[in-house]
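Everything quoted here is computed from the prediction, not taken from an experiment.
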Amino acid sequence: MYLYDLPTTGAISFAEFLVDDDKKYTSQIAQATQARADLRALLKETKRSEDGERDYIKVVKTVNDYLPYLYGIINRVADGDLKLQSEPVFSWRTTLSSSHILSSQNPRLLFPTLLSELIFSLLTNAFALSNAALSIVASLGIYERERHISDAERKTKDERLNSAVNLLCQASGIFAHLSKLEPVKEMDHRPPDVRPEVLSALSKMALAEAQTLAIRKLMSKSAYDSTLSPGPPLPKSHPSPTLIAKLFLEITSSVSSARSLAKTPGAIPSSSSGSGSSSLLKFKLKDKDKEKDRVSSSSSSSGEVSQDLRNYLAEMTTFSSALSHKWLGVDAGEQSRAGEAVGFLSWAKEELEGLGGIKLKDIGKEKSLKNKGKKERLLEELYSVGVFLQGYKKENDTLHFQPVPTLSELQALTPSGRSALAAIKYEPPQPAFESSRLLEAEDDT
């Protein structure tokens, strides 16, 4: 799973630019400033903490405590109860850009308007939800393969895994919501963090990660049996390999689409004059020394998404594709279509070998290195594919004698993917305070 760097933000006081003629919202404005200060402090603390010490659920809660105040202010400015003394400008440090000026020192950018503040607050929320899901998964370990785990313990951890799925579906919904906001579409010279196509990519990626975890939960009961007796035939506790294959095919399709969207170059054109106000150019780079402020459009940067994220999407596409072919091969083998099984499993083997830069015959040497993380997972899957391939090939060579389909024939046999999950639609919170006109009307009644 992908770990996001959370953005950080500069200090601001809403009282500096909000005009409350009737002094009806003095308390709420002060509370909004405090809620934002709490969020700013926590984001700085999180950035300085070690990975294992970061409480992403606390970040989510703090953002959610702040959002009702922000929505309240936006609504009251829109209906005229509050007025703007000046155009508010918020500074946020973006985290998804690979451009030199945005990544070398990671300066904060200046964004005008309250809607820009809302966009980055929601973006922070979605990043934190995704990271919280990753933290849950990391805390569980490979529980489904533990020798002495009881059914009750496994079910408890399955529920924890399901909570991570829920968090990712929430994040997907927020990314999707942001991608459709008109302020995002109309924001010129925008960094990749707020481009609609990138936000759509992040929504697809979060949902694909959620579906990956859902597959793991589906297979948790059979995982231990498969570990004890790898290869064919499948244990009775194993779910349908056809279903698993279709779920991975859907993941492959979603992540491939996300990768294409994330590769779309950003529109940060060179400025003809190299000057202008932040309200016209939408955002500026901010340095501690204000004399060093530079308008972002004067850079030749393309504003591309970071290479780390693009590499992750490329690897996830290949990996999920390989697993879909693995389970199509296993399904064929279990149905005595041994030639087809050898074809799909050979295809999966080639994909995994290309992804890991290692041949199946050398896997014993690699396993002795006790590699961790995604490398270990890759080796485990390559080993599993090898065991199934050997079993079904032996069966075909001695019993069925079926021809092995060509790649084009295998592609024609590949079914469509199947989605098991949907993004959780984002519903904005109730504003922390209503219009004074509504309050007066209620008092009159």
Side-chain angles (χ1 to χ4, degrees), residues 6-44 62-95 102 107-125 177-178 181-191 193-195 275-297 428-429 431-436:
L6 296 188
T8 54
T9 185
I12 198 166
S13 171
F14 287 102
E16 291 179 355
F17 58 82
L18 289 176
V19 178
D20 180 15
D21 291 330
D22 298 326
K23 307 300 180 184
K24 293 180 178 179
Y25 300 108
T26 303
S27 175
Q28 289 91 337
I29 292 172
Q31 290 168 357
T33 298
Q34 183 59 56
R36 192 183 191 281
D38 292 342
L39 174 59
R40 175 176 180 266
L42 181 57
L43 290 175
K44 289 180 66 176
T62 305
V63 175
N64 287 336
D65 288 343
Y66 169 54
L67 285 173
Y69 290 104
L70 184 56
Y71 275 105
I73 289 172
I74 291 172
N75 290 349
R76 298 298 70 78
V77 169
D79 62 26
D81 274 5
L82 290 173
K83 297 180 176 63
L84 293 176
Q85 182 175 334
S86 59
E87 178 80 278
V89 178
F90 301 86
S91 64
W92 283 89
R93 197 182 306 275
T94 60
T95 60
L102 296 182
R108 288 199 303 269
L109 304 179
L110 298 179
F111 293 89
T113 79
L114 290 162
L115 289 175
S116 296
E117 171 73 357
L118 176 62
I119 289 165
F120 275 94
S121 298
L122 288 173
L123 190 64
T124 301
N125 205 12
H177 175 76
L178 283 170
L181 285 182
E182 289 304 318
V184 172
K185 294 181 180 179
E186 295 173 1
M187 187 183 289
D188 298 328
H189 317 299
R190 51 193 178 267
D193 307 56
V194 293
R195 293 209 311 265
S275 63
S277 68
S278 62
S279 60
L280 292 176
L281 291 176
K282 302 301 181 186
F283 72 80
K284 293 169 62 180
L285 286 172
K286 181 177 181 179
D287 196 288
K288 289 182 179 179
D289 181 357
K290 292 185 178 180
E291 294 181 358
K292 294 181 181 179
D293 279 9
R294 294 170 292 170
V295 177
S296 65
S297 59
F433 47 98
E434 298 294 342
S435 169
S436 61

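Atom CZ in F433 sits 6.0 Å away from atom CG in L82 (nearest 0.5 Å). W92 contributes atom CH2, which lies 8.5 Å from atom CG of L123 (distance to the nearest 0.5 angstrom). Of the inter-residue distances, the one linking L114 atom CG with F90 atom CZ reads 5.0 Å to the nearest 0.5 angstrom. One finds the OG1 atom of T9 at 8.0 Å from the CG atom of L43 (value rounded to the nearest 0.5 Å).
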message: Could you walk me through whether L84 and L18 satisfy the side-chain contact (heavy atoms from CB on, under 4.5 Å) test, starting with their C-alpha distance in whole Å, then the side-chain angles of each, then the deciding distance to 0.1 Å, before giving a yes or no?
response: CA-CA 5 Å; L84 293 176; L18 289 176; 3.7 Å; yes
message: Does F17 form a side-chain contact (heavy atoms from CB on, under 4.5 Å) with I12? I'd like the steps, not just the answer.
response: CA-CA 10 Å; F17 58 82; I12 198 166; 3.8 Å; yes
- request: Show the numbers, then the answer: is there a side-chain contact (heavy atoms from CB on, under 4.5 Å) between V63 and L39?
  value: CA-CA 6 Å; V63 175; L39 174 59; 3.5 Å; yes
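Across R76 and Y25, no two heavy atoms sit closer than the pair CD-OH, 3.5 Å. Across all non-hydrogen atoms, the minimal contact from I29 to A15 is CG2-N, 3.8 Å. Of all heavy-atom pairs spanning S91 and L110, the tightest one is CB-CD2, 3.7 Å.
Judged as a side-chain contact (heavy atoms from CB on, under 4.5 Å), and not counting sequence neighbours, the contacts of L122 are L67, Y71, L118, I174, H177, L178, Y426. Residues satisfying the ring pair (Phe, Tyr, Trp, His ring centres under 6.0 Å) test with Y66, not counting sequence neighbours, are none. Applying the side chain to side chain donor-acceptor pair (under 3.5 Å) criterion to N64, with sequence neighbours excluded, gives N125.
Aromatic pair F120/F111: ring centres closer than 6.0 Å.
The side-chain hydrogen bond (donor to acceptor under 3.5 Å, both in side chains) test with D38 is passed by exactly one of R36, R40, Q34: Q34. Among P428, P429, P431, S121, the one residue that satisfies the side-chain contact (heavy atoms from CB on, under 4.5 Å) test with L70 is S121.
Checked by atom type and distance alone, the side chain of T33 never pairs as donor or acceptor with a backbone atom of S13 at under 3.5 Å.
Within a 6.0 Å radius of NZ in K44, other residues, nucleotides and ligands contribute 12 heavy atoms or fewer.
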